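These notes concern the structure reproduced below.
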2 protein chains.
Amino acid sequence: MSLPRAKLVKNFPGCPVEATLTYLDGKWKGVILFHLMEGTLRFNELRRKLPAVTQRMLTKQLRELEESGLVSRTVYPVVPPRVEYAMTPLGMTLKPVIQALAAWGDDYVFCSPEGRELRLASDGLRAPVAALEA
Amino acid sequence: MSLPRAKLVKNFPGCPVEATLTYLDGKWKGVILFHLMEGTLRFNELRRKLPAVTQRMLTKQLRELEESGLVSRTVYPVVPPRVEYAMTPLGMTLKPVIQALAAWGDDYVFCSPEGRELRLASDGLRAPVAALEA
DNA sequence: GTACGTAGTACCCAAAAGGATACTGTAAAA
DNA sequence: TTTTACAGTATCCTTTTGGGTACTACGTAC
């Protein structure tokens with residue numbers, strides 16, 4: 001739950017930024033939304049796209065997204081169970097936001113060769129393009 | 001530090017979104033960036049804009065932003081001390097992201113009248129049609 | 001008859017994030 | 001002379017977050 005963060009939103013201007021961040025908060029929400037933007041996925045399909053997430057965590061994040069109304073959860077009463085996650089229309093309105101986040105990440109964030117660290121394109125800001133080609 | 005989050009970024013596609021989020025993480029970074037986007041501020045000026053933040057927290061968040069290279073810190077060796085915080089050119093590249101976050105927050109997030117809760121515009125989406133067309 | 005895939009829960013624990021409070025030193029103002 | 005403003009640190013404590021492991025039920029495939 002992100003209520004602690006939410007609680008103080010009204011205390012300052014600039015809050016729309018924090019307000020949005022409140023809903024994107026949690027280690028996996030970003031990726032989940034990113035993937036669901038491209039289409040409905042079943043629980044384990046999603047899980048396979050996020051090799052590092054545990055079942056518990058995925059469930060938790062999905063529940064939070066569902067509670068926010070950004071993602072819908074449809075249970076088909078069959079056996080074996082079939083549960084589908086999809087963006088709601090409201091969730092879809094986040095598309096420009098997700099795209100902006102993805103674009104900036106693409107341009108300015110590097111995973112170091114070892115893949116264990118993040119780096120920003122810090123040197124004086126030559127073109128983002130150069131950063132990408134490199 | 002957001003390294004735990006960073007550590008797994010390379011483990012999945014969609015990571016540019018998470019990567020960006022990594023740098024925006026922390027309860028106050030969003031607002032701080034929002035305010036600094038509009039101009040340089042001294043420590044206590046910033047503090048007055050964020051009535052709810054403690055000194056310790058503000059310092060911490062600013063240090064992290066500085067370490068990321070998004071914000072610069074300039075100390076004038078006078079007494080009483082004068083320290084100015086400003087966006088770096090790299091930080092400025094976040095402007096579209098911050099704007100996207102702010103726009104979505106403005107359109108879809110409400111603080112309840114009592115100001116203690118966040119709500120999303122959930123009812124079927126009468127809101128900004130333009131956002132949907134995009 | 002055993003294992004597999006489905007979509008989860010329950011329980012416990014470690015780490016990280018956030019917060020409260022008190023303290024620093026100097027100079028100018030009241 | 002006491003207070004105020006400045007920009008922080010240091011210490012301790014609580015809350016939140018995230019993760020590990022084990023467990024469920026059901027039906028099908030081997």
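Just so we're clear, the structure is a prediction, and the values are computed from it rather than from any experiment. Each chain gets a letter, A, B and so on, in the order its sequence line appears, and its residues count up from 1.
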| Starting at the 5' end of DNA chain D, which residue's closest nucleotide do you reach first, A/K60 or A/P81? | A/K60
| remark: Regarding the side chain of A/T59, the nearest nucleotide among C/dG8, D/dC6, D/dG19 is C/dG8
| Sub-4.5 Å side-chain heavy-atom contact between B/Q55 and B/F43 | yes
| query | Should A/R63 be listed as having a side-chain N or O under 4.0 Å from OP1 or OP2 of C/dT9? | reply | yes
| said: Counting only side-chain nitrogens and oxygens, does A/R47 get under 4.0 Å of the OP1 or OP2 atom of C/dT6? | reply: no
| query | Given that A/V79 and A/M57 both sit by DNA chain D, which one's nearest nucleotide is further toward the 5' end? | reply | A/M57
| request: Indicate the atoms forming the closest heavy-atom contact of B/E45 with B/T40, along with that distance. | output: OE1-O, 4.4 Å
| query | Is the distance from OP1 or OP2 of D/dG8 to the nearest side-chain N or O of B/R73 less than 4.0 Å? | reply | yes
| query | Is a salt bridge present between B/K29 and B/E64, judged by a nitrogen-to-oxygen distance below 4.0 Å? | reply | yes
| query | Just checking B/E84: base, sugar-phosphate only, or nothing, at a heavy-atom cut-off of under 4.0 Å? | reply | nothing
| said: For a quick check of understanding: with a heavy-atom distance under 4.0 Å over all strands, which category does B/Y85 fall into, base, sugar-phosphate or nothing? | reply: sugar-phosphate
| Just checking A/R56: base, sugar-phosphate only, or nothing, at a heavy-atom cut-off of under 4.0 Å? | base
| task | Kindly say whether B/V31 contributes a backbone atom to a donor-acceptor pair with the side chain of A/E18 at under 3.5 angstrom? | result | yes
| remark: On DNA chain C, more 5' by nearest nucleotide between A/E45 and B/Q55 is A/E45
